[in-house]
Amino acid sequence: MFDTMLKLSMFLLTVSIVIALYRVIKGPSLSDRILALDSIGYNVIGIVAVLSMLLNSHAYLETILLIGILAFLSTVALCKFLERGVVIERKRNH
């Protein structure tokens, strides 16, 4: 019964990724697209966590941390790009 619930939650997370992917493609604004990409990252974290429980393994926990860090950094970089037009500012001594 528990395995069935885990598989159902994995399926629902996959459906959520497909819906967010539609929002990434058809989003009315760039900020909506960024939020949809962030949502996809969190859903992938959920899928990996459910897969870890399904396989009864702790090997995927580092992957969850890595995906979380990358999702956070990409969101910060995209927001900074929207705000200033560049991600990494370089000071020139002219």
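Below, all heavy atoms of this structure are taken into account, side chains as well, without hydrogens, waters or symmetry copies.
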Among Ile67, Ile40, Leu66, find the one that has a side chain to side chain contact (heavy atoms under 4.5 Å, CB included) with Ile45.
Ile67

As an exercise, state the distance from SG of Cys79 to CD1 of Ile34, rounded to the nearest 0.5 Å.
5.0 Å

Tell me whether Val44 shares a hydrophobic cluster with Val24, the cluster being built from Ile, Leu, Val, Met, Phe, Trp, Tyr side chains joined at under 4.5 Å.
yes

Closest contact, heavy atoms only, Asp32 versus Arg23:
O-CG, 4.2 Å

Tell me whether the count of non-hydrogen atoms from other residues, nucleotides or ligands lying under 6.0 Å of NZ in Lys80 goes above 12.
yes

To the nearest 0.5 Å, what is the distance between CG (Leu21) and OG (Ser39)?
11.0 Å

Tightest non-hydrogen contact, residues Leu13 and Gly46, listed as CD1-C, 3.6 Å

State yes or no: do Ile69 and Val76 share one hydrophobic cluster built from I, L, V, M, F, W and Y residues joined by side-chain heavy-atom distances below 4.5 Å, directly or via other members?
yes

Spacing of Thr14 atom OG1 and Ile47 atom CD1 [to the nearest 0.5 Å]:
4.0 Å

Hey, quick one: are Leu55 and Phe2 part of the same hydrophobic cluster, counting side-chain heavy atoms closer than 4.5 Å, chains of contacts allowed?
yes

What distance separates Asp38 CG from Thr75 OG1, expressed to the nearest 0.5 Å?
3.5 Å

Roughly how far apart are Arg33 CZ and Lys26 NZ, rounded to 0.5 Å?
9.5 Å

Atom OG of Ser31 and atom CG of Leu78: how far apart are they, to the nearest 0.5 Å?
11.5 Å

Locate the shortest heavy-atom distance separating Leu61 from Ser52; write the atom from each residue and the value.
CD2-OG, 4.4 Å

Does one hydrophobic cluster hold both Leu70 and Tyr42, with members joined at side-chain heavy-atom distances below 4.5 Å?
no

If you group Ile, Leu, Val, Met, Phe, Trp and Tyr whenever their side-chain heavy atoms sit less than 4.5 Å apart, what else falls in with Ile19?
Leu8, Phe11, Leu12, Val15

